[in-house]
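Remarks on the structure that follows.
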Amino acid sequence: ADALWFEPAILTTMDVTTDGFGFMLVFGDLVWVPFTYSLQARYCLERPQTLSNAFLALILIVKCLGYAIFRGSNLQKNWFRNDHNDPRVAHLTYLPTKRGTRLITSGWWGIARHVNYLG
């Protein structure tokens with residue numbers, strides 16, 4: 001649902017704009033993603049654990065925080081990429097690059113180069 005709701009932001013990512021449709025995309029979508037996304041479930045099935053409600057709440061809080069970082073940083077990048085004068089991102093500082101693009105140096109992207117990977 002996230003990809004459908006935020007589709008305009010996904011269509012400007014490097015995966016779509018630069019990499020194109022090739023072996024890595026096909027292999028990743030058909031093999032790597034299903035394999036890695038199912039590892040946690042397999043681990044839980046093979047090594048059952050009893051978790052307290054407090055621990056389950058902690059897991060949910062960490063998951064929600066990670067999603068907020070992921071979504072917030074990607075939205076910030078997309079808004080800046082589309083219009084750096086947008087009021088939501090006009091306060092961000094940036095460095096101009098040789099290619100003519102802008103490298104964000106504040107906000108989520110001032111914390112780390114790929115802060116969206118933390119989510």
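Just so it is clear, the values below take in all heavy atoms, side chains as well, and ignore hydrogens, waters and symmetry mates.
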Under the salt bridge (charged side-chain N to carboxylate O under 4.0 Å, His left out) test, which residues partner Arg81, sequence neighbours left out? none

Which value, rounded to the nearest 0.5 Å, describes the distance between [X] atom [atom1] and [Y] atom [atom2]?
X	Y	atom1	atom2	result
Leu25	Leu30	CG	CG	8.5 Å
Ile69	Leu118	CD1	CG	6.0 Å
Leu103	Thr93	CG	OG1	9.5 Å
Gln76	Asp86	CD	CG	11.0 Å
Asn78	Asn82	CG	CG	4.5 Å

Please check if Ile59 and Val62 belong to a single hydrophobic cluster, counting links between Ile, Leu, Val, Met, Phe, Trp and Tyr side chain heavy atoms closer than 4.5 Å. yes

Co-membership, hydrophobic cluster, residues Leu75 and Trp5, 4.5 Å side-chain: yes

Determine yes or no for a side-chain-to-main-chain donor-acceptor pair under 3.5 angstrom, with Ser106 supplying the side chain and Gly110 the backbone. no

Say whether, by atom type as modelled, one donor and one acceptor occur between the side chain of Thr101 and the main chain of Thr97 under 3.5 angstrom. no

Can you run down the ring-ring contact (aromatic ring centres under 6.0 Å, His included) pairs that involve residues 31-73, sequence neighbours left out, and say none if there aren't any? none

Pair listing, ring-ring contact (aromatic ring centres under 6.0 Å, His included) test, anchored in residues 100-119, at least two apart: His114-Tyr117

In this structure, are over 12 heavy atoms from other groups packed under 6.0 Å from Asn85 atom CG? yes

Any chance CZ of Arg47 has more than 12 other-residue heavy atoms, nucleotides or ligands included, within less than 6.0 Å? yes

So, for Asp83 and Val89, which heavy atoms are closest and what is the spacing to 0.1 Å? O-CG2, 3.8 Å

Closest approach of Gly28 and Pro34, non-hydrogen atoms and distance? O-CD, 4.1 Å

Hey, what else clusters with Ile61 if you join Ile, Leu, Val, Met, Phe, Trp, Tyr whenever side-chain heavy atoms sit under 4.5 Å? none

side-chain hydrogen bond (donor to acceptor under 3.5 Å, both in side chains) against Arg113, all qualifying residues, sequence neighbours excluded: none

Heavy-atom check, side chain of Ile104 versus side chain of Phe80, under 4.5 Å: yes

In chain order, what residues pass the ring pair (Phe, Tyr, Trp, His ring centres under 6.0 Å) check against His91, with sequence neighbours excluded? none

